[in-house]
Amino acid sequence: MKILKMIYSVVLHGFLGYVWIVFINSMLDMFHSGGKSVLSGLLVGAGTLLFLDVTSRVFDSFEKDKKHPVRIAGYVSFGLVVMGFLLGAKA
């Protein structure tokens, strides 16, 4: 059962990483054309905080221990998706 939870955590947090990237890109594209960088920064910051709240609620559905392998797999999956996009976007 732990393997299924780990797979679920990896897939879910990988998807959440992708959705966060799509959100940030759409916000930056929308405000980059308008030249309102302060408003863009505020909305991206507020959206990221809301997104962090969603991911923390998702993590509550897993084990309570922050060093549990299922939670660590989710953290790694989220980080790999975001880092993969950042490294791939610069190429």
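Numbers here are sequence positions counted from 1.
Each of His13, Met6, Lys5 was checked for a side-chain contact (heavy atoms from CB on, under 4.5 Å) with Ser9, and the lone residue meeting it is His13.
Taking each heavy atom of Val10 and Ser77 in turn, the nearest pair found is O-OG, 2.7 Å.
No side-chain heavy atom of Leu49 sits under 4.5 Å from any side-chain heavy atom of Asp53. When side chains are defined from C-beta on, Thr48 counts as touching Trp20, because their heavy atoms get closer than 4.5 Å.
Under a hydrophobic-cluster definition in which Ile, Leu, Val, Met, Phe, Trp and Tyr are linked whenever side-chain heavy atoms come within less than 4.5 Å, directly or via other members, Leu86 and Leu16 are assigned to the same cluster.
The number of heavy atoms from other shown groups lying within 6.0 Å of CZ (Phe23) is above 12.
Atom CG of Leu12 is separated from atom CZ of Phe78 by 10.5 Å, given to the nearest 0.5 angstrom.
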